[in-house]
Amino acid sequence: MQPESPTPSALVFLLPLLIPMLGTARTAARRLGFTDPDDALAVAPTLLVSALLVLVHFTTLLSQNFVFALVSSFLILALPGMKTLLTQKDWKLYLAYFSPLAQHGMLLATLILIAPTALNWSFHDELYITGHWSVAAAIQNGVYPPVNMNLPDLPLQYHYGFALLTAIVSSISGFSLPLSVDLLTLLSWCLTWLLLSRLAPRILPNVPHSWLLPVCVLFGAGLPYFCGDGIQRWLGVCIVDGLLVNPPIISYFFQHPWNLALPIGFLLLLIHLRADDEEAKAAQGSYRIFGIALLLVALSMSQIAFFFAIYAVLLVCEFLAARRSSVLLAVLPFAIAIVFAKLGGGFFASIQTESSSAHQFSFKWGVVAQPHDLLFWHFTAFGLGLPIGLLGISKLRRPARLPVGLLILGGLTVLNFLDHARDDAANKFATIASLGFGLAASAQIASIWSRKWPARVLLSAFIGAGVLFPVVFAWSPPEIPVSIYHKNPTQLDLHDVEMC
(Lines give C-alpha, C1' and ligand atoms only; values in the text may rest on other atoms or scores of the structure.)
Protein backbone atom coordinates (compact mmCIF):
# COMPACT_ATOMS: atom_id res chain seq x y z
CA MET A 1 0.00 0.00 0.00
CA GLN A 2 1.44 3.35 -1.07
CA PRO A 3 1.11 6.39 1.22
CA GLU A 4 -1.10 9.23 0.01
CA SER A 5 0.54 12.26 -1.57
CA PRO A 6 0.80 15.24 0.82
CA THR A 7 -0.05 17.64 -2.02
CA PRO A 8 -3.71 18.60 -2.63
CA SER A 9 -5.66 16.12 -4.74
CA ALA A 10 -7.20 19.09 -6.61
CA LEU A 11 -3.89 19.45 -8.49
CA VAL A 12 -5.20 16.77 -10.84
CA PHE A 13 -7.17 19.57 -12.51
CA LEU A 14 -3.86 20.86 -13.87
CA LEU A 15 -3.61 17.85 -16.18
CA PRO A 16 -5.78 19.32 -19.00
CA LEU A 17 -3.43 22.30 -19.12
CA LEU A 18 -0.79 20.00 -20.63
CA ILE A 19 -2.56 20.36 -23.99
CA PRO A 20 -2.14 24.15 -24.31
CA MET A 21 1.31 23.82 -22.70
CA LEU A 22 2.34 21.61 -25.61
CA GLY A 23 0.97 24.30 -27.92
CA THR A 24 3.20 26.86 -26.20
CA ALA A 25 6.17 24.52 -26.62
CA ARG A 26 5.42 24.01 -30.33
CA THR A 27 5.35 27.78 -30.81
CA ALA A 28 8.68 28.05 -28.99
CA ALA A 29 10.11 25.31 -31.21
CA ARG A 30 9.09 27.27 -34.31
CA ARG A 31 10.69 30.41 -32.86
CA LEU A 32 13.90 28.40 -32.58
CA GLY A 33 13.68 27.50 -36.27
CA PHE A 34 12.06 24.06 -36.04
CA THR A 35 9.36 24.72 -38.61
CA ASP A 36 9.24 21.16 -39.91
CA PRO A 37 6.29 19.37 -38.19
CA ASP A 38 8.36 16.27 -37.38
CA ASP A 39 11.12 18.42 -35.89
CA ALA A 40 8.61 20.36 -33.79
CA LEU A 41 7.02 17.10 -32.65
CA ALA A 42 10.37 15.83 -31.37
CA VAL A 43 11.58 19.12 -29.89
CA ALA A 44 8.49 20.57 -28.17
CA PRO A 45 8.10 18.03 -25.30
CA THR A 46 11.73 18.41 -24.20
CA LEU A 47 11.42 22.19 -24.38
CA LEU A 48 8.28 21.96 -22.24
CA VAL A 49 9.90 19.70 -19.63
CA SER A 50 12.95 22.00 -19.42
CA ALA A 51 10.84 25.16 -19.05
CA LEU A 52 8.57 23.55 -16.44
CA LEU A 53 11.56 22.26 -14.46
CA VAL A 54 13.32 25.64 -14.37
CA LEU A 55 10.16 27.65 -13.70
CA VAL A 56 8.93 25.44 -10.84
CA HIS A 57 12.43 25.33 -9.34
CA PHE A 58 13.03 29.07 -9.18
CA THR A 59 9.43 29.90 -8.23
CA THR A 60 9.63 27.43 -5.33
CA LEU A 61 12.95 28.90 -4.22
CA LEU A 62 11.41 32.39 -4.17
CA SER A 63 7.99 31.53 -2.71
CA GLN A 64 8.96 28.54 -0.52
CA ASN A 65 5.65 27.00 -1.61
CA PHE A 66 5.83 24.05 -3.97
CA VAL A 67 2.07 23.94 -4.67
CA PHE A 68 1.94 27.66 -5.52
CA ALA A 69 4.97 27.27 -7.79
CA LEU A 70 3.39 24.28 -9.54
CA VAL A 71 0.05 25.99 -10.20
CA SER A 72 1.57 29.31 -11.31
CA SER A 73 4.11 27.59 -13.59
CA PHE A 74 1.38 25.55 -15.31
CA LEU A 75 -0.70 28.68 -15.86
CA ILE A 76 2.24 30.70 -17.20
CA LEU A 77 3.17 27.97 -19.68
CA ALA A 78 -0.43 27.23 -20.68
CA LEU A 79 -1.71 30.73 -21.39
CA PRO A 80 0.12 31.34 -24.72
CA GLY A 81 -0.88 27.89 -25.99
CA MET A 82 -4.47 28.39 -24.84
CA LYS A 83 -4.70 31.53 -26.94
CA THR A 84 -3.40 29.65 -29.97
CA LEU A 85 -5.74 26.74 -29.31
CA LEU A 86 -8.80 28.98 -29.15
CA THR A 87 -7.91 30.98 -32.27
CA GLN A 88 -6.61 28.22 -34.58
CA LYS A 89 -8.71 25.29 -33.24
CA ASP A 90 -6.39 22.85 -35.01
CA TRP A 91 -6.60 19.71 -32.84
CA LYS A 92 -4.57 17.73 -35.36
CA LEU A 93 -1.46 19.41 -33.98
CA TYR A 94 -2.09 17.73 -30.63
CA LEU A 95 -3.27 14.40 -31.98
CA ALA A 96 0.12 14.21 -33.74
CA TYR A 97 1.70 13.37 -30.38
CA PHE A 98 0.09 9.94 -30.53
CA SER A 99 1.73 9.12 -33.86
CA PRO A 100 5.44 8.54 -33.05
CA LEU A 101 4.92 5.01 -31.73
CA ALA A 102 3.01 4.07 -34.87
CA GLN A 103 5.61 5.69 -37.15
CA HIS A 104 8.65 4.36 -35.32
CA GLY A 105 8.24 0.62 -35.03
CA MET A 106 11.74 0.22 -33.60
CA LEU A 107 10.94 2.76 -30.87
CA LEU A 108 7.90 0.72 -29.87
CA ALA A 109 9.95 -2.50 -29.90
CA THR A 110 12.70 -1.06 -27.69
CA LEU A 111 10.12 0.50 -25.36
CA ILE A 112 8.63 -2.96 -24.83
CA LEU A 113 12.16 -4.30 -24.28
CA ILE A 114 13.07 -1.85 -21.51
CA ALA A 115 9.62 -1.63 -19.87
CA PRO A 116 10.16 -4.64 -17.51
CA THR A 117 13.41 -3.07 -16.28
CA ALA A 118 11.72 0.26 -15.62
CA LEU A 119 8.52 -1.10 -14.08
CA ASN A 120 9.77 -4.12 -12.13
CA TRP A 121 13.11 -2.93 -10.76
CA SER A 122 14.33 -0.11 -8.54
CA PHE A 123 17.88 0.96 -9.22
CA HIS A 124 20.12 2.05 -6.36
CA ASP A 125 19.65 5.80 -6.79
CA GLU A 126 15.93 5.42 -6.09
CA LEU A 127 16.38 3.77 -2.70
CA TYR A 128 19.18 5.62 -0.92
CA ILE A 129 18.25 7.58 2.19
CA THR A 130 18.85 10.65 0.03
CA GLY A 131 17.43 9.05 -3.12
CA HIS A 132 14.86 10.02 -5.73
CA TRP A 133 11.90 8.68 -3.78
CA SER A 134 12.85 10.39 -0.53
CA VAL A 135 13.88 13.69 -2.15
CA ALA A 136 10.65 13.85 -4.18
CA ALA A 137 8.64 13.11 -1.03
CA ALA A 138 10.48 15.88 0.83
CA ILE A 139 9.66 18.32 -1.97
CA GLN A 140 5.97 17.41 -1.79
CA ASN A 141 6.11 18.00 1.97
CA GLY A 142 7.41 21.54 1.49
CA VAL A 143 11.15 21.03 2.00
CA TYR A 144 12.82 23.18 -0.66
CA PRO A 145 15.56 23.30 -1.61
CA PRO A 146 15.98 19.65 -0.61
CA VAL A 147 18.36 18.87 2.23
CA ASN A 148 20.93 16.13 2.65
CA MET A 149 18.99 13.62 4.72
CA ASN A 150 22.20 12.26 6.22
CA LEU A 151 23.14 15.81 7.29
CA PRO A 152 19.80 17.66 7.33
CA ASP A 153 21.37 20.99 8.31
CA LEU A 154 22.97 21.15 4.85
CA PRO A 155 21.31 21.73 1.46
CA LEU A 156 21.43 18.82 -0.94
CA GLN A 157 24.42 19.35 -3.23
CA TYR A 158 23.07 17.20 -6.03
CA HIS A 159 21.39 17.36 -9.45
CA TYR A 160 17.88 16.78 -8.10
CA GLY A 161 16.00 17.86 -11.25
CA PHE A 162 14.66 14.34 -11.78
CA ALA A 163 13.37 14.18 -8.21
CA LEU A 164 11.64 17.55 -8.71
CA LEU A 165 10.05 16.32 -11.94
CA THR A 166 8.94 13.14 -10.14
CA ALA A 167 7.28 15.27 -7.44
CA ILE A 168 5.52 17.30 -10.15
CA VAL A 169 4.20 14.23 -12.00
CA SER A 170 3.09 12.52 -8.79
CA SER A 171 1.33 15.68 -7.56
CA ILE A 172 -0.71 16.33 -10.71
CA SER A 173 -1.52 12.69 -11.47
CA GLY A 174 -2.04 11.19 -8.03
CA PHE A 175 0.36 8.37 -8.94
CA SER A 176 2.76 7.05 -6.35
CA LEU A 177 6.36 8.27 -6.45
CA PRO A 178 7.74 4.87 -7.58
CA LEU A 179 5.24 4.68 -10.45
CA SER A 180 5.98 8.30 -11.41
CA VAL A 181 9.69 7.47 -11.59
CA ASP A 182 8.97 4.53 -13.89
CA LEU A 183 6.63 6.47 -16.18
CA LEU A 184 9.10 9.34 -16.47
CA THR A 185 11.82 6.84 -17.42
CA LEU A 186 9.71 5.44 -20.25
CA LEU A 187 8.71 8.93 -21.41
CA SER A 188 12.33 10.04 -21.43
CA TRP A 189 13.25 7.02 -23.55
CA CYS A 190 10.72 8.17 -26.18
CA LEU A 191 11.93 11.78 -26.10
CA THR A 192 15.58 10.75 -26.40
CA TRP A 193 14.80 8.40 -29.26
CA LEU A 194 12.81 11.02 -31.20
CA LEU A 195 15.52 13.65 -30.78
CA LEU A 196 18.24 11.26 -31.90
CA SER A 197 16.18 10.32 -34.96
CA ARG A 198 15.94 14.04 -35.86
CA LEU A 199 19.63 14.51 -35.10
CA ALA A 200 20.62 11.69 -37.50
CA PRO A 201 20.35 13.71 -40.76
CA ARG A 202 22.46 16.45 -39.13
CA ILE A 203 25.42 14.21 -38.34
CA LEU A 204 25.19 11.30 -40.82
CA PRO A 205 25.82 11.84 -44.55
CA ASN A 206 23.83 8.68 -45.21
CA VAL A 207 20.86 7.68 -43.04
CA PRO A 208 19.82 4.14 -44.04
CA HIS A 209 17.24 3.96 -41.21
CA SER A 210 15.98 6.56 -38.74
CA TRP A 211 16.53 4.07 -35.91
CA LEU A 212 20.25 3.51 -36.55
CA LEU A 213 21.54 6.49 -34.54
CA PRO A 214 19.24 5.92 -31.51
CA VAL A 215 20.17 2.24 -31.42
CA CYS A 216 23.92 2.94 -31.58
CA VAL A 217 23.80 5.62 -28.90
CA LEU A 218 21.38 4.01 -26.45
CA PHE A 219 22.50 0.37 -26.82
CA GLY A 220 26.19 0.88 -27.62
CA ALA A 221 28.30 -1.00 -25.08
CA GLY A 222 31.68 -2.41 -24.28
CA LEU A 223 32.75 -6.04 -24.06
CA PRO A 224 32.20 -7.16 -20.45
CA TYR A 225 32.01 -10.84 -21.41
CA PHE A 226 35.63 -11.46 -20.37
CA CYS A 227 35.30 -9.95 -16.90
CA GLY A 228 33.19 -10.52 -13.83
CA ASP A 229 31.41 -13.61 -12.61
CA GLY A 230 28.25 -15.30 -13.81
CA ILE A 231 25.28 -13.14 -14.62
CA GLN A 232 27.06 -9.98 -13.50
CA ARG A 233 29.18 -9.90 -16.65
CA TRP A 234 26.01 -9.61 -18.75
CA LEU A 235 25.12 -6.49 -16.75
CA GLY A 236 28.58 -4.94 -17.17
CA VAL A 237 29.30 -5.29 -13.43
CA CYS A 238 33.03 -5.86 -13.55
CA ILE A 239 36.01 -4.69 -11.48
CA VAL A 240 39.49 -4.12 -12.93
CA ASP A 241 42.32 -3.23 -10.55
CA GLY A 242 39.82 -2.29 -7.86
CA LEU A 243 37.74 0.02 -10.08
CA LEU A 244 34.28 -0.76 -11.41
CA VAL A 245 34.24 -0.78 -15.21
CA ASN A 246 31.87 1.75 -16.72
CA PRO A 247 28.63 -0.11 -17.62
CA PRO A 248 26.68 0.30 -20.88
CA ILE A 249 24.88 3.55 -21.68
CA ILE A 250 21.53 1.87 -21.15
CA SER A 251 22.53 1.14 -17.55
CA TYR A 252 22.99 4.86 -16.98
CA PHE A 253 19.59 5.49 -18.51
CA PHE A 254 18.13 3.84 -15.40
CA GLN A 255 20.29 6.04 -13.18
CA HIS A 256 17.64 8.66 -13.46
CA PRO A 257 19.55 11.96 -13.69
CA TRP A 258 20.88 10.70 -17.01
CA ASN A 259 17.50 9.88 -18.54
CA LEU A 260 16.40 13.46 -17.92
CA ALA A 261 19.71 14.93 -19.11
CA LEU A 262 20.06 12.99 -22.36
CA PRO A 263 17.12 14.52 -24.30
CA ILE A 264 18.07 18.02 -23.09
CA GLY A 265 21.70 17.57 -24.13
CA PHE A 266 20.83 16.14 -27.53
CA LEU A 267 18.38 18.99 -28.15
CA LEU A 268 21.17 21.48 -27.45
CA LEU A 269 23.39 19.62 -29.92
CA LEU A 270 20.58 19.69 -32.49
CA ILE A 271 20.12 23.45 -32.07
CA HIS A 272 23.84 23.98 -32.62
CA LEU A 273 24.02 21.79 -35.73
CA ARG A 274 21.00 23.55 -37.27
CA ALA A 275 22.59 27.00 -36.96
CA ASP A 276 23.27 27.29 -40.71
CA ASP A 277 19.78 26.19 -41.82
CA GLU A 278 17.58 28.82 -43.40
CA GLU A 279 14.86 28.25 -40.79
CA ALA A 280 17.35 28.48 -37.95
CA LYS A 281 18.91 31.68 -39.29
CA ALA A 282 15.55 33.36 -38.82
CA ALA A 283 15.72 32.34 -35.15
CA GLN A 284 19.13 33.93 -34.54
CA GLY A 285 18.82 36.48 -31.78
CA SER A 286 16.89 36.62 -28.55
CA TYR A 287 14.90 33.39 -29.06
CA ARG A 288 18.01 31.32 -29.67
CA ILE A 289 19.89 32.96 -26.79
CA PHE A 290 17.00 32.37 -24.41
CA GLY A 291 16.44 28.79 -25.66
CA ILE A 292 20.06 27.71 -25.23
CA ALA A 293 20.31 29.38 -21.80
CA LEU A 294 17.07 27.74 -20.61
CA LEU A 295 18.14 24.28 -21.74
CA LEU A 296 21.58 24.66 -20.15
CA VAL A 297 20.06 25.66 -16.80
CA ALA A 298 17.70 22.67 -16.98
CA LEU A 299 20.67 20.44 -17.83
CA SER A 300 22.62 21.75 -14.82
CA MET A 301 19.73 20.55 -12.64
CA SER A 302 19.60 17.18 -14.40
CA GLN A 303 23.11 15.69 -14.57
CA ILE A 304 26.15 17.72 -13.65
CA ALA A 305 28.82 15.78 -15.60
CA PHE A 306 26.78 15.93 -18.81
CA PHE A 307 26.13 19.63 -18.15
CA PHE A 308 29.84 20.45 -17.92
CA ALA A 309 30.57 18.37 -21.04
CA ILE A 310 27.82 19.89 -23.21
CA TYR A 311 28.50 23.38 -21.84
CA ALA A 312 32.20 23.23 -22.69
CA VAL A 313 31.74 21.55 -26.09
CA LEU A 314 29.02 23.92 -27.32
CA LEU A 315 30.79 27.00 -25.94
CA VAL A 316 33.87 26.14 -28.00
CA CYS A 317 31.83 25.24 -31.10
CA GLU A 318 29.57 28.31 -30.91
CA PHE A 319 32.58 30.59 -30.37
CA LEU A 320 34.47 29.15 -33.34
CA ALA A 321 31.39 29.24 -35.59
CA ALA A 322 30.49 32.86 -34.73
CA ARG A 323 31.48 35.73 -36.95
CA ARG A 324 33.70 38.32 -35.35
CA SER A 325 30.82 40.76 -34.98
CA SER A 326 28.60 38.22 -33.20
CA VAL A 327 31.03 36.57 -30.77
CA LEU A 328 29.40 38.23 -27.76
CA LEU A 329 25.97 37.00 -28.84
CA ALA A 330 27.39 33.49 -29.26
CA VAL A 331 28.73 33.32 -25.70
CA LEU A 332 25.89 35.29 -24.04
CA PRO A 333 23.58 32.28 -23.42
CA PHE A 334 26.45 30.46 -21.72
CA ALA A 335 27.09 33.42 -19.41
CA ILE A 336 23.39 33.65 -18.57
CA ALA A 337 23.20 29.89 -17.95
CA ILE A 338 26.12 29.74 -15.54
CA VAL A 339 24.74 32.66 -13.52
CA PHE A 340 21.30 31.06 -13.14
CA ALA A 341 22.80 27.61 -12.53
CA LYS A 342 24.74 29.08 -9.61
CA LEU A 343 21.69 30.94 -8.31
CA GLY A 344 19.65 27.73 -8.57
CA GLY A 345 21.86 25.87 -6.10
CA GLY A 346 21.88 22.08 -6.44
CA PHE A 347 25.41 21.00 -7.28
CA PHE A 348 26.37 24.68 -7.27
CA ALA A 349 25.19 25.19 -3.68
CA SER A 350 27.94 26.54 -1.42
CA ILE A 351 28.57 24.19 1.50
CA GLN A 352 31.25 24.73 4.12
CA THR A 353 32.09 21.77 6.33
CA GLU A 354 35.20 20.66 8.14
CA SER A 355 35.87 18.09 5.42
CA SER A 356 35.23 20.42 2.49
CA SER A 357 38.18 21.38 0.33
CA ALA A 358 38.68 24.12 -2.20
CA HIS A 359 40.61 21.68 -4.37
CA GLN A 360 38.28 18.76 -4.93
CA PHE A 361 39.95 17.68 -8.16
CA SER A 362 43.45 16.28 -8.45
CA PHE A 363 45.57 14.90 -11.28
CA LYS A 364 46.08 11.22 -11.89
CA TRP A 365 47.74 9.12 -14.56
CA GLY A 366 45.24 6.69 -16.00
CA VAL A 367 41.89 5.53 -14.70
CA VAL A 368 43.79 2.54 -13.23
CA ALA A 369 47.47 2.31 -12.41
CA GLN A 370 48.90 -0.67 -14.32
CA PRO A 371 49.27 -0.32 -18.13
CA HIS A 372 47.81 -3.74 -18.91
CA ASP A 373 44.87 -3.08 -16.57
CA LEU A 374 44.39 0.32 -18.21
CA LEU A 375 44.07 -1.28 -21.64
CA PHE A 376 41.76 -3.99 -20.33
CA TRP A 377 39.54 -1.43 -18.52
CA HIS A 378 39.08 0.58 -21.74
CA PHE A 379 38.56 -2.58 -23.79
CA THR A 380 35.87 -3.78 -21.37
CA ALA A 381 34.18 -0.39 -20.97
CA PHE A 382 34.17 0.77 -24.61
CA GLY A 383 34.71 -2.40 -26.63
CA LEU A 384 34.28 -1.99 -30.37
CA GLY A 385 32.94 1.51 -29.81
CA LEU A 386 36.46 2.84 -29.37
CA PRO A 387 37.96 1.77 -32.74
CA ILE A 388 34.69 2.11 -34.67
CA GLY A 389 34.00 5.48 -33.10
CA LEU A 390 37.46 6.85 -33.83
CA LEU A 391 37.15 5.71 -37.46
CA GLY A 392 33.62 7.08 -37.66
CA ILE A 393 34.56 10.66 -36.77
CA SER A 394 35.78 11.22 -40.33
CA LYS A 395 32.50 9.78 -41.67
CA LEU A 396 30.38 12.36 -39.82
CA ARG A 397 29.08 15.45 -41.55
CA ARG A 398 31.71 18.17 -41.26
CA PRO A 399 29.81 20.41 -38.75
CA ALA A 400 29.32 17.42 -36.42
CA ARG A 401 32.96 16.32 -36.30
CA LEU A 402 34.13 18.95 -33.82
CA PRO A 403 31.39 18.56 -31.16
CA VAL A 404 31.43 14.76 -31.32
CA GLY A 405 35.25 14.69 -31.31
CA LEU A 406 35.32 17.01 -28.30
CA LEU A 407 32.85 14.81 -26.41
CA ILE A 408 35.16 11.83 -26.93
CA LEU A 409 38.39 13.72 -26.23
CA GLY A 410 37.00 15.53 -23.20
CA GLY A 411 35.46 12.39 -21.75
CA LEU A 412 38.64 10.34 -22.08
CA THR A 413 40.82 13.19 -20.77
CA VAL A 414 38.82 13.78 -17.60
CA LEU A 415 38.45 10.03 -17.06
CA ASN A 416 42.18 9.34 -17.24
CA PHE A 417 43.75 12.50 -15.82
CA LEU A 418 41.37 13.99 -13.22
CA ASP A 419 40.26 12.53 -9.91
CA HIS A 420 37.60 13.78 -7.52
CA ALA A 421 38.15 13.91 -3.78
CA ARG A 422 34.62 12.92 -2.75
CA ASP A 423 33.51 10.18 -5.16
CA ASP A 424 33.94 8.72 -8.63
CA ALA A 425 32.47 11.79 -10.36
CA ALA A 426 35.39 11.99 -12.79
CA ASN A 427 34.66 8.43 -13.92
CA LYS A 428 31.21 9.54 -15.07
CA PHE A 429 33.02 11.13 -18.00
CA ALA A 430 33.54 7.62 -19.37
CA THR A 431 29.82 7.82 -20.13
CA ILE A 432 30.39 11.10 -21.98
CA ALA A 433 33.03 9.37 -24.10
CA SER A 434 30.66 6.43 -24.68
CA LEU A 435 27.97 8.80 -25.97
CA GLY A 436 30.51 10.31 -28.38
CA PHE A 437 31.61 6.86 -29.52
CA GLY A 438 27.96 5.92 -30.14
CA LEU A 439 27.37 9.01 -32.29
CA ALA A 440 30.54 8.45 -34.31
CA ALA A 441 30.14 4.66 -34.59
CA SER A 442 26.73 5.13 -36.18
CA ALA A 443 28.41 7.10 -38.98
CA GLN A 444 30.94 4.32 -39.58
CA ILE A 445 28.22 1.65 -39.65
CA ALA A 446 26.01 3.78 -41.91
CA SER A 447 28.91 4.22 -44.35
CA ILE A 448 29.07 0.44 -44.97
CA TRP A 449 25.33 -0.25 -44.71
CA SER A 450 25.16 -1.24 -48.38
CA ARG A 451 27.44 -4.18 -47.53
CA LYS A 452 24.67 -6.11 -45.86
CA TRP A 453 26.38 -8.71 -43.67
CA PRO A 454 29.47 -6.79 -42.49
CA ALA A 455 27.35 -3.84 -41.38
CA ARG A 456 24.82 -6.03 -39.54
CA VAL A 457 27.52 -8.08 -37.82
CA LEU A 458 29.38 -4.95 -36.76
CA LEU A 459 26.21 -3.37 -35.41
CA SER A 460 25.25 -6.54 -33.51
CA ALA A 461 28.71 -6.80 -31.93
CA PHE A 462 28.62 -3.14 -30.91
CA ILE A 463 25.19 -3.19 -29.26
CA GLY A 464 25.19 -6.80 -28.01
CA ALA A 465 25.94 -6.10 -24.33
CA GLY A 466 23.57 -3.13 -24.36
CA VAL A 467 20.66 -5.27 -25.57
CA LEU A 468 21.51 -8.01 -23.06
CA PHE A 469 21.16 -5.58 -20.16
CA PRO A 470 17.32 -5.19 -20.28
CA VAL A 471 16.94 -8.82 -21.40
CA VAL A 472 18.60 -10.00 -18.18
CA PHE A 473 16.26 -7.86 -16.07
CA ALA A 474 13.23 -9.15 -17.96
CA TRP A 475 14.50 -12.69 -17.27
CA SER A 476 15.15 -11.78 -13.57
CA PRO A 477 17.63 -14.48 -12.54
CA PRO A 478 18.36 -14.65 -8.79
CA GLU A 479 22.06 -13.89 -9.40
CA ILE A 480 21.34 -10.20 -10.11
CA PRO A 481 23.25 -8.29 -7.37
CA VAL A 482 20.61 -6.91 -4.99
CA SER A 483 23.05 -4.43 -3.47
CA ILE A 484 22.69 -2.44 -6.72
CA TYR A 485 19.32 -3.50 -8.14
CA HIS A 486 16.12 -4.24 -6.22
CA LYS A 487 13.11 -6.12 -7.50
CA ASN A 488 9.74 -4.43 -6.96
CA PRO A 489 7.90 -4.38 -4.66
CA THR A 490 10.89 -3.51 -2.53
CA GLN A 491 11.17 -5.40 0.75
CA LEU A 492 13.94 -3.79 2.77
CA ASP A 493 16.00 -6.16 4.90
CA LEU A 494 18.90 -5.60 7.30
CA HIS A 495 21.41 -5.65 4.44
CA ASP A 496 19.54 -2.82 2.69
CA VAL A 497 19.53 -0.72 5.85
CA GLU A 498 23.26 -1.27 6.35
CA MET A 499 23.92 -0.36 2.71
CA CYS A 500 22.01 2.91 3.06
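Just so it is clear, the values below take in all heavy atoms, side chains as well, and ignore hydrogens, waters and symmetry mates. What you are looking at is a predicted structure, and each value in this text was computed from that prediction instead of being measured.
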I want to know whether Trp189 and Phe253 have ring centres closer than 6.0 Å.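 Yes, close enough.
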Between Trp121 and Tyr485 (judged by ring centroids, cut-off 6.0 Å), do the two rings come close enough to count as a pair?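 Centroid distance Trp121-Tyr485: not below 6.0 Å, so no.
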Decide yes or no for [X] and [Y]: does some side-chain heavy atom of the first lie under 4.5 Å from some side-chain heavy atom of the second?
X: Gln140; Y: Ser171; answer: yes
X: Phe340; Y: Leu296; answer: no
X: Leu391; Y: Ile388; answer: no
X: Ile203; Y: Arg401; answer: no

Who pairs with Phe162 by ring pair (Phe, Tyr, Trp, His ring centres under 6.0 Å), at least two apart in sequence or on another chain?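 If we apply the ring pair (Phe, Tyr, Trp, His ring centres under 6.0 Å) test to Phe162, skipping adjacent residues, the hits are His132, His256.
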Qualifying residues under ring pair (Phe, Tyr, Trp, His ring centres under 6.0 Å), relative to Phe66, sequence neighbours excluded: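 Listed in chain order: nothing, the list is empty.
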Listed once per pair and sorted, the side-chain hydrogen bond (donor to acceptor under 3.5 Å, both in side chains) pairs that draw on residues 294-320, sequence neighbours left out: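 For residues 294-320, and leaving out neighbouring residues, the side-chain hydrogen bond (donor to acceptor under 3.5 Å, both in side chains) pairs sorted by first residue read His272-Glu318, Arg288-Glu318.
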Distance only, no hydrogens: is a donor on one side chain within 3.5 Å (strictly under) of an acceptor on the other, for Ser476 and Asn120?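 No donor-acceptor contact under 3.5 Å links the two side chains.
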With sequence neighbours excluded, residues passing side-chain hydrogen bond (donor to acceptor under 3.5 Å, both in side chains) with Asn416: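 Listed in chain order: His378.
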Run the side-chain hydrogen bond (donor to acceptor under 3.5 Å, both in side chains) test against Ser50 and tell me which residues pass, sequence neighbours left out.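 With neighbours one apart ignored, the set is empty.
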To the nearest 0.5 Å, tell me how far [X] [atom1] sits from [Y] [atom2].
X: His159; Y: Leu299; atom1: NE2; atom2: CG; answer: 11.0 Å
X: Trp193; Y: Leu108; atom1: CH2; atom2: CG; answer: 10.5 Å
X: Leu262; Y: Leu218; atom1: CG; atom2: CG; answer: 7.0 Å

Could you go through residues 204-214 and list every donor-acceptor pair under 3.5 Å that involves a side-chain atom there, pairing it with any protein atom two or more places apart or in another chain?
unit_1 : atom_1 : unit_2 : atom_2 : d
Asn206 : ND2    : Ala446 : O      : 3.1

